Amino acid sequence: MNAYTLIDGKAAAARVLVQVRKDVDSLREQDIQPALAVILVGCDPASQVYVRNKILRAEEVGIRSVEHRLSPDTSTAQLLNLIATLNADRSINGILLQLPLPAHMDELRALEAIAPDKDVDGFHSQNVGGLSQGRTVLAPCTPSGCLYLLEQTCGDLRGKHAVVIGRSNIVGKPMAALLLKADCSVTVLHSRSRDAQALCRQADIVIAAVGRPRLINASWLKPGAVVIDVGINRIDDAGRSRLVGDVDFDSALPHVAAITPVPGGVGPMTIAFLMKNTVTAALAQHQAQRSQSEAPCHSIY
Ligand code: NAD
């Protein structure tokens with residue numbers, strides 16, 4: 001078997017969070033307390049766990065968190081009212097709307113209602129558009145975490161051929177935009193792609209964000225590829241429930257230079273980048289307020 005690197009997402013996330021903690025401390029010294037509002041509509045058990053983990057992590061790094069739990073029969077109008085209140089609240093820097101929303105709600109409208117400078121998930125069209133233009137914006141947390149792992153593993157990404165498998169708005173598309181910004185040559189594969197395996201075999205870097213357990217095996221990989229497995233799939237393994245990625249880890253190992261495990265790879269990075277985005281948003285809002293208050297008053301007379 002070739003020597004390979006196991007990319008440790010837990011350790012990488014811990015490093016990101018140490019820096020976030022330092023940034024929070026330095027903001028607090030300037031009397032700025034970063035704060036994140038988390039909105040959870042309904043009682044989906046998985047969403048409840050995600051929200052609890054986000055709030056715990058925020059507390060650990062000194063970010064104030066405010067939780068808004070809404071009943072499953074909340075109307076879109078009621079949710080929009082809450083978002084408008086949070087947008088106007090200067091003590092709140094980031095707004096996270098936990099997805100998915102109940103089926104009767106207008107998810108896109110709710111995401112679009114979040115002020116772009118408080119959109120710590122990076123899903124507002126203004127941030128999506130800015131990212132696709134290569135601007136520095138609040139970018140989605142999971143692909144930002146993947147990019148961090150790649151930069152730590154590969155160093156300079158310029159000119160590398162990256163294949164992103166999956167084209168969702170949450171992972172695949174923003175991942176492709178971030179890799180383009182990092183000067184990779186990017187191919188995006190999806191459920192309608194022809195010859196997906198052959199295209200993937202040309203990649204120096206593979207990011208799998210499909211949601212199909214162990215779809216990507218050795219036959220998809222060029223020897224020496226670096227593989228980031230975003231997939232989180234719960235399977236029944238001889239009567240025991242466990243999590244596996246989109247990559248068949250055991251089959252891939254002999255072929256790769258580096259790979260993320262599932263769990264313990266990309267997962268921890270998502271929350272770490274949510275915290276990072278909250279601090280970035282707090283700093284940007286403070287700077288914008290300061291430059292507004294320092295701007296000279298122009299009289300029209
Ligand atoms: P999605 O269902 O929205 O998108 C899946 C994509 O895979 C689609 O674009 C589809 O075209 C593509 N696809 C489906 N079958 C394919 C095939 N045979 N070949 C090539 N492409 C195919 O999923 P998503 O929200 O992007 O999530 C993908 C996976 O990542 C899921 O397992 C999800 O749980 C996981 N995820 C993990 C994190 C994390 O923090 N680690 C965050 C978000 C999503």
Side-chain angles (χ1 to χ4, degrees), residues 7-14 16-17 38 44-47 49-54 56-57 96-101 107-108 111 120-123 128 131 139-150 162-179 186-203 206-217 219-221 227-236 241-249 252 259-277:
I7 303 172
D8 185 345
K10 277 191 200 160
V16 172
L17 289 170
V38 181
D44 175 60
S47 293
V49 173
Y50 291 142
V51 163
R52 195 168 59 235
N53 288 341
K54 287 167 187 173
L56 280 175
R57 201 62 82 236
L96 181 134
L97 178 59
Q98 184 65 43
L99 301 178
L101 294 179
E107 196 165 284
L108 193 61
L111 291 174
V120 283
D121 255 340
F123 294 158
V128 174
L131 181 62
C141 303
T142 300
S144 297
C146 294
L147 185 73
Y148 180 92
L149 293 177
L150 283 171
V163 165
V164 180
I165 317 173
R167 58 174 165 182
S168 71
N169 290 336
I170 292 174
V171 189
K173 283 184 205 150
M175 187 74 250
L178 285 169
L179 289 164
V186 182
T187 302
V188 180
L189 303 177
H190 49 81
S191 54
R192 301 296 169 97
S193 294
R194 275 190 221 141
D195 302 325
Q197 273 189 40
L199 289 166
C200 189
R201 257 200 312 272
Q202 296 170 24
V206 175
I207 292 104
V210 189
R212 299 274 164 93
R214 299 176 178 144
L215 173 74
I216 316 300
N217 58 31
S219 66
W220 291 64
L221 301 171
V227 178
I228 304 288
D229 190 354
V230 185
I232 302 177
N233 310 289
R234 189 161 286 284
I235 60 155
D236 181 74
S241 162
R242 70 180 186 103
L243 294 180
V244 297
D246 292 340
V247 179
D248 183 340
F249 190 80
I259 186 167
T260 55
V262 178
V266 174
M269 300 304 290
T270 300
I271 295 190
F273 272 80
L274 175 66
M275 300 305 132
K276 190 169 159 44
N277 276 355

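Each ligand, and each atom within it, is numbered from 1 in the order the structure gives. Any value given below was found using the heavy atoms of this structure, including those in side chains, with hydrogens, waters and symmetry copies removed. Since the model is a prediction, treat every value here as computed from it, not as a measurement.
- Less than 4.0 angstrom separates some heavy atom of Asn233 from each of these atoms of ligand 1: 32 (O).
- Of the N or O atoms in Ile232, one or more lie within a sub-3.5 Å distance of an N or O in ligand 1.
- Atom 11 (O) of ligand 1 has Ser191 N, 3.0 Å as its closest protein atom, hydrogens excluded (heavy atom only).
- By the neighbour-count criterion of 12 heavy atoms within 6.0 Å, atom NZ of Lys276 is sparsely surrounded, having that number or fewer from other residues, nucleotides or ligands.
- With hydrogens left out, the protein atom closest to atom 5 (C) of ligand 1 is Val210 O, 3.3 Å, a heavy atom.
- Distances between N or O atoms of Arg167 and those of ligand 1 include at least one value under 3.5 Å.
- Those atoms of ligand 1 with a heavy atom of Ile165 less than 4.0 angstrom away are 20 (C), 21 (N).
- In this structure, Met269 CE and Leu17 CG are separated by 8.5 Å, a value rounded to the nearest 0.5 Å.
- Taking CG of Leu131 as the start and OG of Ser144 as the end, the distance is 8.0 Å to the nearest 0.5 Å.
- With hydrogens and angles ignored, the 3.5 Å screen pairs no side-chain donor or acceptor of Asp121 with any backbone N or O of Leu96.
- Between the side chain of Gln98 and the backbone N or O of Ser47, no donor-acceptor pair lies under 3.5 Å.
- Nearest non-hydrogen protein atom to atom 40 (O) of ligand 1 is Thr270 OG1, 2.7 Å.
- Taking every non-hydrogen atom of Val266 and a distance limit under 4.0 Å, the qualifying atoms of ligand 1 come out as 41 (N).
- Taken to the nearest 0.5 Å, the SG atom of Cys200 stands 6.0 Å off from the CH2 atom of Trp220.
- Looking at atom 30 (O) of ligand 1, its nearest protein heavy atom turns out to be Val230 O, 3.5 Å.
- Against a heavy-atom cut-off of under 4.0 Å, Gly211 is close to the following atoms of ligand 1: 28 (C), 29 (C), 31 (C), 32 (O).
- Between atom 44 (C) of ligand 1 and the options Ile216, Val171, Asp229, Leu215, the minimum heavy-atom separation is to Val171.
- Residue contact check for ligand 1: Ala209 places a non-hydrogen atom closer than 4.0 Å to it.
- Separation of atoms CG (Asp44) and CG (Leu101) is listed at 11.0 Å; rounding is to 0.5 Å.
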In sequence, state the C-alpha distance, the side-chain angles, and the governing distance for Ile216 and Leu221, and then conclude on side chain to side chain contact (heavy atoms under 4.5 Å, CB included). CA-CA 8 Å; Ile216 316 300; Leu221 301 171; 4.2 Å; yes

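- Distance check: Arg57 CZ to Ile271 CD1 gives 5.5 Å after rounding to the nearest 0.5 Å.
- When heavy-atom distances to ligand 1 are checked against a 4.0 Å cut-off, Arg212 comes that close only through its side chain, counted from C-beta outward.
- Pairing each heavy atom of Val247 with each of Asp229, the nearest pair is N-OD2, 3.0 Å.
- Annotation for ligand 1: atoms under 4.0 Å from non-hydrogen atoms of Gly166 are 6 (C), 7 (O), 9 (O), 12 (C).
- Of the possible donor and acceptor atoms, one in the side chain of Asp246 sits under 3.5 Å from a partner among the backbone N and O of Gly211.
- Annotation for ligand 1: atoms under 4.0 Å from non-hydrogen atoms of Gly267 are 41 (N).
- Remark: minimum distance from atom 19 (N) of ligand 1 to any protein heavy atom is reached at His190 O, 3.9 Å.
- Among Ala196, Ala46, Ser168, Cys146, the residue whose heavy atom lies closest to atom 23 (O) of ligand 1 is Ser168.
- Looking at Thr142 against ligand 1, only its side chain comes within 4.0 Å, counting heavy atoms.
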